[in-house]
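Side-chain atoms are counted along with the backbone in the values below, which use heavy atoms only and exclude waters and symmetry mates.
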Amino acid sequence: MGKKKKSVMGYVLMGVVFVALVLVVVGMFVGQVIATGKILTESSSESIKLFDDAWGVREVLGKKVGVSNVFAIISFIVTLVGLVVLILDGVFRIFLNKDLRIIRMLGVAVTFVGAILILVAGLVMVSQCSEGLSLDLGDVAQFKYSAGAGVWLGFIGGLVGAVGGALPLLKKFN
């Protein structure tokens, strides 16, 4: 009975890490920064994604957004590498009965650091966009930036993956 419970818990935790991987991948391709403009009663929103040149923002802000964009891409890649390591560890643990604790700890650490880096990179991008193009003329016109869904999906996915990967390290789940 104990062996079957361990196996079911292993599948559940590997599923959690897989869901986290999906969240991070989706987060890479949705808006990182949301630009909201309001003129009188009309408002519109645009999202700036990692892999596109959103309506010339890079030309307007120069190299500042480009550097943080590269930092964000690297942060997502670090998180994805950590999650892939955790999935491989789950495969080894469940199907091959190989307990590679050091690999699991490394995967958890890389995933957690990557999640924090995603959040930092996203907030830096928002800050850099705000410095370059913010506008607030009271009730007449406003132009603001905020973190998009991609930043939050990547951050939450990384944290969920790190927790799902770390739980097998506890004796209760091992």
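The shortest non-hydrogen separation linking G154 to F76 is CA-CE2, 3.8 Å. Residues A20 and G157 share a closest heavy-atom pair of CB-O, 3.0 Å. Here the closest non-hydrogen pair linking P168 and R104 is O-NH1, 3.7 Å. Taking all atoms of both residues into account, the shortest heavy-atom contact from V151 to I118 is O-CG2, 3.7 Å.
Remark: I73 pairs with L50, F51, N69, I77 by the side chain to side chain contact (heavy atoms under 4.5 Å, CB included) rule, at least two apart or across chains. By the side chain to side chain contact (heavy atoms under 4.5 Å, CB included) test, I102 is found to be paired with M105, residues two or more places apart in sequence or in another chain being considered. Contacts of L106 classified as side chain to side chain contact (heavy atoms under 4.5 Å, CB included), with partners at least two apart in sequence or in another chain: V110. Shown here are the side chain to side chain contact (heavy atoms under 4.5 Å, CB included) partners of V16, two or more places apart in sequence or in another chain: V160.
Under the 4.5 Å side-chain criterion, counting only non-hydrogen atoms from C-beta, F92 is not in contact with N97.
Listed by first and then second residue, the side chain to side chain donor-acceptor pair (under 3.5 Å) pairs involving residues 147-166 amount to none (not counting sequence neighbours).
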For residues 78-88, run the donor-acceptor check on the side chains, cut-off 3.5 Å, and write out each pair with its distance to 0.1 Å, sequence neighbours left out.
residue	atom	partner	partner atom	Å
T79	OG1	S75	O	2.9
T79	OG1	G114	O	3.1
T79	OG1	A115	N	3.4

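In this structure, the separation between CZ on R101 and CG on D89 is 10.0 Å, given to the nearest 0.5 Å.
The side chain to side chain contact (heavy atoms under 4.5 Å, CB included) test with F112 singles out one residue from L159, L117, V163, and that residue is L159.
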